[in-house]
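The shown structure was predicted, so the numbers you read here are calculated from the model rather than taken from an experiment.
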Amino acid sequence: MRIGAVFPQLEIGADPGVVRDWTETVESAGYTHVVAYDHVLGADPANRPGWKGYTDQSLFHEVFVLFGYMAAITTTLELVTGVLVLPQRQTALVAKQAAEVDVLSGGRLRLGVGIGWNEVEYQALGVPFSERGARLTEQVGLLRKLWADPVISSEGRFHEVVEAGLNPLPPRRSIPIWFGGNAEAALRRTGRIGDGWMPQSRPHDRARAQVEVVRAAAVEAGRDPAELGFEARLTLGAVPEKDWPGFVAGWRELGATHLGVNTMNLGLARPEDHAAVLRDVLPLLQDS
């Protein structure tokens with residue numbers, strides 16, 4: 001199992017030196033990848049009674065710019081979006097940005113994508129919220145075409161590309177696309193067209209059933225389910241410390257290939273404390 005660190009978006013602040021120090025500590029500690037969340041806008045809850053979720057006070061570094069910065073200060077870390085809210089972004093632009101990060105990092109990008117939940121954000125970015133599922137499926141096919149060939153033509157419900165292409169292309173002529181989400185549609189989509197799934201639950205019976213839905217959908221699509229990856233997420237602040245080894249072992253038994261360790265909501269006072277916790281906890285998780 002490859003163990004990565006979740007970038008503490010909400011608690012690390014905007015100092016580039018702090019971001020650099022955290023990234024270098026994570027790589028030197030032996031983590032294999034870094035996972036970063038994506039949000040473009042935060043909603044002001046003042047006139048939205050009952051609003052739940054991120055707000056205008058929630059700090060989010062833009063993932064592609066962040067990964068361009070990280071690509072320059074690392075040599076081995078895989079850079080993973082967990083997840084990019086793909087339908088609210090222009091597909092060709094995402095293809096370009098992702099290809100560029102992959103080029104600058106030497107082929108170290110993994111693109112986790114999902115449909116998101118924030119209708120306010122979709123409205124501001126000019127994308128119909130109700131179309132996000134159908135748009136996502138079409139986007140994945142177009143991304144792969146744009147990464148594979150210098151010039152393409154493609155026409156779908158939401159996109160039209162006529163004899164155009166990216167330059168430079170990603171080194172592998174492809175970038176792994178993983179999916180987030182727990183809905184039945186997200187699980188089946190992963191099995192049909194995804195390279196992996198990124199659950200955020202404990203390794204309980206429901207998680208086992210969800211893994212089987214993903215694998216069954218892969219078989220139905222004529223794919224080998226053994227080729228799919230699974231990245232669990234261990235949020236240290238939500239799982240008692242005595243249960244961390246069991247969490248890791250449980251997901252390993254379910255077939256997880258990757259694990260992301262999240263240090264947010266631990267009550268850490270300083271950004272550098274996140275890096276310290278990650279450095280100290282890795283040996284425990286590796287032995288689980």
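Between the CD atom of E163 and the CD1 atom of I152 there is a distance of 11.0 Å, given to the nearest 0.5 Å. Distance CD/E78 to CZ/R2: 6.0 Å, rounded to 0.5 Å. Rounded to the nearest 0.5 Å, atoms CD (Q123) and CZ (F129) are 11.5 Å apart. Separating the CD1 atom in I3 from the OG atom in S288 is a distance of 7.5 Å, to the nearest 0.5 Å. Of the inter-residue distances, the one linking L143 atom CG with K96 atom NZ reads 14.0 Å to the nearest 0.5 angstrom. A distance of 12.5 Å separates CZ in R188 from CD1 in I193, rounded to the nearest 0.5 Å.
Apart from V103 itself, the hydrophobic cluster it occupies contains nothing, where clustering links Ile, Leu, Val, Met, Phe, Trp and Tyr at side-chain heavy-atom distances under 4.5 Å.
The distance between the ring centers of W22 and F7 falls below 6.0 angstrom.
Annotation: salt bridge (charged side-chain N to carboxylate O under 4.0 Å, His left out) contacts of R223 (sequence neighbours excluded): none. Taking the salt bridge (charged side-chain N to carboxylate O under 4.0 Å, His left out) definition, one finds that E155 meets it with nothing, sequence neighbours left out. Taking the ring pair (Phe, Tyr, Trp, His ring centres under 6.0 Å) definition, one finds that Y54 meets it with H39, F60, sequence neighbours left out. Residues that satisfy the ring pair (Phe, Tyr, Trp, His ring centres under 6.0 Å) test with W197, not counting sequence neighbours, are absent from this structure. With sequence neighbours excluded, the residues that form a salt bridge (charged side-chain N to carboxylate O under 4.0 Å, His left out) with E131 are R135.
Minimum interatomic distance between Y31 and L278 (heavy atoms only, all atoms of both residues): OH-O, 2.6 Å.
Counting only heavy atoms from C-beta outward, the side chains of E272 and D21 never approach each other to under 4.5 Å.
Looking only at distances, a side-chain donor or acceptor of E138 sits under 3.5 Å from a matching main-chain atom of H159.
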Subject >> Evaluation steps, side chain to side chain donor-acceptor pair (under 3.5 Å), between E27 and T76 >> reply: CA-CA 7 Å; E27 183 172 56; T76 61; 2.9 Å; yes
Subject >> Candidate pair T235 and F247, rule side chain to side chain contact (heavy atoms under 4.5 Å, CB included), full reasoning >> reply: CA-CA 10 Å; T235 298; F247 184 102; over 6 Å; no
**OP:** Could you check R192 against T137 for side chain to side chain donor-acceptor pair (under 3.5 Å), going step by step and ending with a plain yes or no?
**Re:** CA-CA 10 Å; R192 289 196 314 270; T137 299; 4.8 Å; no
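Each of R172, R189, R144, R110 was scored for a salt bridge (Lys or Arg N to Asp or Glu O under 4.0 Å) with D195, with one residue passing: R144.
The existence of a salt bridge linking E119 and R132 is excluded, since no basic side-chain nitrogen approaches an acidic carboxylate oxygen closer than 4.0 Å.
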